[in-house]
Structures are given as C-alpha cells and as structure tokens.
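Read the structure below first, then the notes.
Sequence positions, counted from 1, serve as the residue numbers for this chain.
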Amino acid sequence: MKQTVVYHSADMDGIFCREIARKFLPDAELIGWNFGDKPIDSSLLHSDLLVILDLPVDEPFGLKFKNGWICRGAEQIQPIDRWDSTTITWIDHHASSIASHPADIPGYRVDGVAACRLAWQWFTRLVSGKIGDAVLPLKQDYVDRIVI
C-alpha cells in the first residue's frame with residue numbers, strides 16, 4: 001500500500017506534523033511543499049493513503065476547488081460527490097482553507113489550533129482504534145486546556 005504524506009515545509013508546525021506522520025506512518029513517502037513551489041504530481045491524489053498536513057488540499061497539486069469541482073485553471077477536472085476516507089486525510093488549521101474546501105473531506109480541522117496538535121490527536125486515536133468511536137476534541141477543549 002502506497003502511503004504519501006504532503007506537509008507544509010516552510011514552518012515548524014508543518015515540520016512537526018511531518019515528524020508525527022513519520023512516527024505513525026514509518027513507510028510513508030514524505031513530501032514537503034510550500035506556497036510558490038512547483039505543483040506536486042496530482043496523480044498522488046489517487047494514492048492508497050494520502051495525508052495532507054498544514055496545507056490546503058488543492059494548492060499543492062496546482063488545483064483549486066470551485067463550486068464542488070476540482071479545477072486546473074479554467075478546466076473542470078472532476079466533480080466532488082464523496083471522499084473515500086481510506087484515500088485522503090486532511091489535517092489543517094487555516095480558516096481560509098477550511099472555509100474554501102468541502103467539509104466532508106475526511107480528517108481533522110480546527111481553526112486556531114496548531115496543525116501538529118491536531119495531527120497528534122488524529123494519529124493517536126487512529127492507532128488506538130478509537131477514531132470511529134471517540135469524538136475528537138473541539139476548539140473549546142483546546143482553549144480550556146483539557147486536551148492531553
């Protein structure tokens with residue numbers, strides 16, 4: 001099974017995300033990307049497992065979400081009807097990305113909480129088998145400092 005992690009390479013939050021992913025997905029290919037970098041091959045969107053950390057889902061691949069479609073420039077590539085949770089996991093904390101992307105992309109997003117904290121919560125629950133049973137912490141849980 002091909003596992004790929006795309007992470008924000010230009011700040012410590014993204015780098016910490018990468019290291020958390022390395023711990024939990026030791027066989028994954030780790031690809032750093034920053035805004036202004038050359039787009040990553042969009043065929044990775046069809047990996048067996050693709051985890052996107054501290055970045056929007058579309059921009060690293062030279063794409064944009066527009067009205068429920070994935071687009072390259074003015075070209076509509078494919079409609080978004082449903083996300084396969086075994087394929088893409090998106091963990092992010094940027095309000096602009098959260099607002100501009102479909103809400104049903106599997107993963108964990110909380111505006112105002114470091115992406116590395118979100119990644120840690122996601123992966124520790126995934127490994128413990130609790131991801132389907134346990135509710136991930138909400139923003140207020142972080143504000144109230146009840147998140148371990």
I would like to know whether Thr4 and Val51 meet side chain to side chain contact (heavy atoms under 4.5 Å, CB included); could you show each step before the answer?
CA-CA 6 Å; Thr4 306; Val51 180; over 6 Å; no
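- Screening residues 18-27 for side-chain hydrogen bond (donor to acceptor under 3.5 Å, both in side chains), with sequence neighbours left out, gives Tyr7-Arg18, Glu19-Arg22.
- Hydrophobic side-chain contacts under 4.5 Å tie Val143 to no other Ile, Leu, Val, Met, Phe, Trp or Tyr residue.
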Show me the side-chain donor-acceptor pairs of residues 52-63 shorter than 3.5 Å, one per line, residues at least two apart or across chains.
from  : atom 1 : to     : atom 2 : distance (Å)
Asp54 : OD1    : His93  : NE2    : 2.9
Asp54 : OD2    : Gly14  : N      : 3.3
Asp58 : OD1    : His101 : NE2    : 3.2
Asp58 : OD2    : Phe65  : N      : 3.0
Glu59 : OE2    : Lys64  : NZ     : 3.3

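- Linking Ile, Leu, Val, Met, Phe, Trp and Tyr residues whenever their side-chain heavy atoms come within less than 4.5 Å leaves Ile15 and Ile20 in two separate clusters.
- For the pair Pro102 and Trp90, the minimum side-chain heavy-atom distance is 4.5 Å or more.
- Residue His8 holds its NE2 atom at 10.0 Å from CG of Asp92, rounded to the nearest 0.5 Å.
- To the nearest 0.5 Å, atoms CZ (Arg109) and CD1 (Ile98) are separated by 7.0 Å.
- Phe16 and Trp122 are not part of a single hydrophobic cluster, where members link through side-chain heavy atoms under 4.5 Å apart.
- Scanning all heavy atoms of the two residues, the minimum distance from Gln121 to Tyr142 falls at CG-OH, 3.2 Å.
- With rounding to the nearest 0.5 angstrom, the CG atom of Leu136 is 5.0 Å from the OH atom of Tyr108.
- In this structure, Lys139 contributes its side chain and Gly112 its backbone to no donor-acceptor pair below 3.5 Å.
- Of all heavy-atom pairs spanning Pro137 and Val110, the tightest one is O-CG2, 4.3 Å.
- No side-chain heavy atom of Thr89 sits under 4.5 Å from any side-chain heavy atom of Leu50.
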Could you walk me through whether Asn34 and Asp11 pass the side chain to side chain contact (heavy atoms under 4.5 Å, CB included) test, one step at a time?
CA-CA 9 Å; Asn34 188 33; Asp11 64 25; over 6 Å; no
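- From Leu138, atom CG reaches atom CG of Asp144 across 10.5 Å, with rounding to the nearest 0.5 Å.
- With hydrophobic clusters built from ILVMFWY side chains whose heavy atoms lie under 4.5 angstrom apart, Ile31 shares a cluster with Phe35.
- Classification of the Phe24-Phe123 ring pair by plane angle, with boundaries at 30° and 60°, yields parallel.
- With Asp13 contributing its side chain and Ala115 its backbone, the two residues share a donor-acceptor pair below 3.5 Å.
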